[in-house]
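The structure under discussion appears below in the form of structure tokens.
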Amino acid sequence: MFGLTLLSHQTGGFLGAWLGGVAITEFGDFTWMWYADMVLALLAAIVNLPIKEARVRQPT
């Protein structure tokens with residue numbers, strides 16, 4: 001699980017940097033990247049909503 005998390009994080013970092021460069025080259029500003037970031041953050045929140053964490057039992 002840790003490896004998958006690390007891989008997806010690194011892939012997202014690469015895409016963020018690369019697409020930021022594309023945005024500057026093509027449009028001259030980062031406006032559309034901010035909107036894409038907002039959409040991705042909302043999608044990530046929705047994907048994580050169904051996760052239920054187990055309760056930690058205290059030793060007695």
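Both backbone and side-chain heavy atoms feed into the values below; hydrogens, waters and symmetry mates do not.
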message = With a 4.5 Å cut-off on side-chain heavy-atom distances among I, L, V, M, F, W and Y, is there a chain of contacts connecting L43 to L49?
response = no
remark   = Closest non-hydrogen contact found for I24 with F30 is CG1-CZ, 3.3 Å
request  = Would you give the length of the straight line joining atom CD of E26 to atom CH2 of W32, rounded to the nearest 0.5 angstrom?
outcome  = 9.5 Å
request  = Ignoring hydrogens and angles, tell me if any N or O in the side chain of D37 forms a donor-acceptor pair with the backbone of M33 under 3.5 Å.
outcome  = no
query = Considering residues at least two apart in sequence or located in another chain, which fulfil the side chain to side chain contact (heavy atoms under 4.5 Å, CB included) criterion with Y35?
reply = T31, M38
query = Mind checking what makes side chain to side chain contact (heavy atoms under 4.5 Å, CB included) contact with T11, not counting sequence neighbours?
reply = L7, L15
query = Are there more than 12 heavy atoms of other residues, nucleotides or ligands under 6.0 Å from atom CH2 of W34?
reply = no
